[in-house]
Amino acid sequence: MHKSGSASSLGPGGLDLTQAFFKPIQQTAPPSPTKRHTKVSVVGVGNVGMAIAQTILTQDLVDELALVDVNADKLRGEMLDLQHAAAFLPRTKIHASVDYAITAGSDLCIITAGARQNPGESRLNLLQRNVALFSHIVPPLAKYSPDSILMVVSNPVDILTYVAWKLSKFPSNRVIGSGTNLDSSRFRFLIADHLDVNAQDVQAYIVGEHGDSSVALWSSISVGGVPVLSFLEKQQIAYEKETLENIHKAVIDSAYEVISLKGYTSWAIGYSVASLARSILRNQRRIHPVSVLAKGFYGIEGGDVFLSLPAQLGRGGILGVTNVHLTDEEAQRFRNSANTILELQNQLGL
């Protein structure tokens, strides 16, 4: 598909009409070279990719948005649909192409494309198909935007973040998986719902795999600055561990419930990834639980594995991982989560 985007050359023969509409003032200087132009590329224009693109646009995070997909007709349709909303959005140049050259100069490349699991297909076979898909996505992104940050949203996100890291040859701080950022948001919502407080006043993390072996860090949960479990113990208020486990199970099952009801998830992951993009592009240095190279943390030494940990995000990508306290049980579950991923990862032959 031919590259399409916004244009000011509407006159005869492609005449730039801006010269006719606007008269320059005197004694001017060219724009300051320090003024930053922010560009984000989204690979994959399915439900998740477009939810991310739409949320990034409405939050005024970018000057330029590039969309890439193999389906040329759908790609152009999505681009036009967004462009037609220009009067209601912050000014952003929106482009789309099947050619990865359109992503050149991106600050952040977000990968949402991925193969869907066929009925009866093993997880390993699905992974191998996704590795093959990523081999056509990641190298051109790295080629055209060698200084960018790669963010992987496609599932299974932890292993595919590792795959993207290997294929891109980027330093580990510039390859991030969306990880358990959304899981932690769901976790905070459920705790807030139980306690009848605002979710923004709840500090709580899910770490490890974005999946069934994720780990809820109950020991570090706080509400309004008050550590919940230690407060209950000091006040000798009884609580059932089964209740805690049920909340964690509800976090794990929530995506499956949404999928069973509407067929896919989109809006929550769109807002989740937009929050990560904001922290990175605006150098906010906020803490998010995202998939990072976890080797060396909490006893993980068996190999290179990406798992979610609370990490500080900024223009450099991963700026550091917080020294959050894990109980012995939580640390063991975290290592078990790593082993689950490594077993599959080692079969990929990367």
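Everything numeric here is computed off the predicted structure, so don't read it as measured data. Heavy atoms only: backbone and side chains are in, while hydrogens, waters and symmetry mates are out.
- In the hydrophobic cluster analysis, where Ile, Leu, Val, Met, Phe, Trp and Tyr join through side-chain heavy atoms closer than 4.5 angstrom, L67 is grouped together with L80.
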*Hey, mind stepping through W218 and F187 against ring pair (Phe, Tyr, Trp, His ring centres under 6.0 Å) and telling me if it holds?*
CA-CA 10 Å; W218 288 105; F187 193 33; 5.1 Å; yes
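- If you take CG on L150 and OG on S145, they are separated by 9.0 Å, rounding to the nearest 0.5 Å.
- Side chain to side chain, Q332 and D328 fail the donor-acceptor criterion of an N or O pair below 3.5 Å.
- In this view, T322 and I287, P310, V324 satisfy the side chain to side chain contact (heavy atoms under 4.5 Å, CB included) rule, not counting sequence neighbours.
- Counting only heavy atoms from C-beta outward, the side chains of I176 and T161 never approach each other to under 4.5 Å.
- Here the shortest heavy-atom pairing between V290 and A311 reads CG2-CB, 4.1 Å.
- Counting only distance, with no hydrogens or angles, the side chain of Q345 and the backbone of D304 share a donor-acceptor pair below 3.5 Å.
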*Given the rule in the side chain to side chain contact (heavy atoms under 4.5 Å, CB included) test, do V153 and I52 qualify, once you have shown the distances and angles that lead to the verdict?*
CA-CA 10 Å; V153 182; I52 292 169; 4.2 Å; yes
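- One N or O on the side chain of D69 and one on the backbone of V45 form a donor-acceptor pair closer than 3.5 Å.
- Side-chain contact check for V42 versus V68: every heavy-atom pair is 4.5 Å or farther apart.
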Only pairs under 3.5 Å count here: list side-chain donor-acceptor contacts from residues 102-112, not counting sequence neighbours, and write none if there are none.
| unit_1 | atom_1 | unit_2 | atom_2 | d |
| --- | --- | --- | --- | --- |
| T103 | OG1 | Y100 | O | 2.6 |
| S106 | OG | S41 | OG | 2.7 |
| S106 | OG | T103 | O | 2.5 |
| D107 | OD1 | R36 | NH2 | 2.8 |
| D107 | OD1 | R315 | NH1 | 3.2 |
| D107 | OD2 | K39 | N | 2.8 |
| T112 | OG1 | V43 | O | 2.9 |
| T112 | OG1 | G44 | O | 3.0 |

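- Side-chain atoms of Y162 and V305, non-hydrogen and from C-beta on, never get closer than 4.5 Å to each other.
- Placement of F134 and V70 in two distinct hydrophobic clusters is found when ILVMFWY residues are connected by side-chain heavy-atom separations under 4.5 Å, directly or transitively.
- Within the 4.5 Å cutoff, side-chain heavy atoms of H194 are placed close to those of I247.
- Note on V98: it clusters hydrophobically with M79, by side-chain heavy-atom contacts below 4.5 Å among ILVMFWY residues.
- A pairwise comparison of heavy atoms in S172 and L293 identifies CB-CD2, 3.9 Å as the closest pair.
- Residues W267 and L61 fall into different hydrophobic clusters, defined by Ile, Leu, Val, Met, Phe, Trp and Tyr side chains chained together at heavy-atom separations under 4.5 Å.
- Atoms CG and OG, from L182 and S185 in turn, are 6.0 Å apart once rounded to the nearest 0.5 Å.
- Legend: residues meeting salt bridge (Lys or Arg N to Asp or Glu O under 4.0 Å) with D253, ordered by chain and number and at least two apart, are K249.
- Between atom OG of residue S308 and atom OH of residue Y205 there is a gap of 12.0 Å, rounded to the nearest 0.5 Å.
- L309 places a side-chain heavy atom less than 4.5 Å from the side chain of F334.
- Shown here for A204 and I191, the closest heavy-atom pair between the two residues is CB-CD1, 3.9 Å.
- Y264 and M50 fall into different hydrophobic clusters, defined by Ile, Leu, Val, Met, Phe, Trp and Tyr side-chain heavy atoms under 4.5 Å apart, directly or through other members.
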*Might you work through the side chain to side chain contact (heavy atoms under 4.5 Å, CB included) test for I206 and V215, ending with a clear yes or no?*
CA-CA 6 Å; I206 300 284; V215 183; over 6 Å; no
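- Counting non-hydrogen atoms of other residues, nucleotides and ligands closer than 6.0 Å to NZ of K74 gives a total above 12.
- Interatomic distance, CG of L190 versus CG of N246, reported as 11.0 Å (0.5 Å rounding).
- No donor-acceptor distance shorter than 3.5 angstrom exists from the side chain of R129 to the backbone of A115, with no hydrogens or angles considered.
- Among pairs with a residue in residues 281-292, none fulfils salt bridge (charged side-chain N to carboxylate O under 4.0 Å, His left out), at least two apart in sequence or across chains.
- Of all non-hydrogen atoms in A192 and V202, the two that sit nearest each other are CB-CG2, 4.0 Å.
- Of the N and O atoms on the side chains of T38 and E64, not one donor lies less than 3.5 Å from an acceptor on the other residue.
- Here the side chain of S337 pairs no donor or acceptor atom with the backbone of S214 at under 3.5 angstrom.
- Using modelled atom types, one finds no donor on one side chain facing an acceptor on the other under 3.5 Å when comparing D158 with H210.
- Between I159 and L127, some side-chain heavy-atom pair lies under the 4.5 Å cut-off.
- Contact record, V152 with A164: CG2-CB, 3.7 Å, taken as the closest heavy-atom pair.
- No donor-acceptor contact under 3.5 angstrom links the side chains of H325 and S219, judged on distance only.
- Side-chain atoms of E330 come within 3.5 Å of backbone atoms of T327 as a donor-acceptor pair (strictly under, hydrogens ignored).
- At least one side-chain heavy atom of V175 sits under 4.5 Å from a side-chain heavy atom of S168.
- The closest donor-acceptor contact from the side chain of E209 to the backbone of A338 lies at 3.5 Å or more, if one exists at all.
- Interatomic distance, K166 NZ to L348 CG, rounded to the nearest 0.5 Å: 12.0 Å.
- Two residues are said to be in side-chain contact when any heavy atoms from C-beta on lie closer than 4.5 Å; I300 and L307 meet this criterion.
- Within the 3.5 Å criterion, the main-chain N or O of L342 finds a donor-acceptor partner in the side chain of N346.
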Pairs of donor and acceptor atoms involving the side chains of residues 269-278, under 3.5 Å and at least two apart or interchain, shall be tabulated with distances.
| unit_1 | atom_1 | unit_2 | atom_2 | d |
| --- | --- | --- | --- | --- |
| S272 | OG | N181 | ND2 | 2.9 |
| S275 | OG | N181 | ND2 | 3.4 |
| S275 | OG | S272 | O | 2.6 |
| R278 | NH2 | Q59 | OE1 | 3.4 |

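- Annotation: cation-pi geometry satisfied between R174 and F170 (NZ/CZ under 6.0 angstrom from ring centroid, within 45° of ring axis).
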*Trace of the side chain to side chain contact (heavy atoms under 4.5 Å, CB included) decision for N71 with D73*: CA-CA 6 Å; N71 186 333; D73 289 343; 4.0 Å; yes
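- Other residues, nucleotides and ligands contribute over 12 non-hydrogen atoms within 6.0 Å of the CD atom of E301.
- Residue I259 holds its CD1 atom at 10.0 Å from NZ of K262, rounded to the nearest 0.5 Å.
- By the salt bridge (Lys or Arg N to Asp or Glu O under 4.0 Å) test, K169 pairs with no residue at all, sequence neighbours left out.
- Q347 contributes a side-chain N or O that, together with a main-chain N or O of E343, makes up a donor-acceptor pair within less than 3.5 Å.
- Nearest approach of L65 to T92, heavy atoms of both residues: N-CG2, 4.0 Å.
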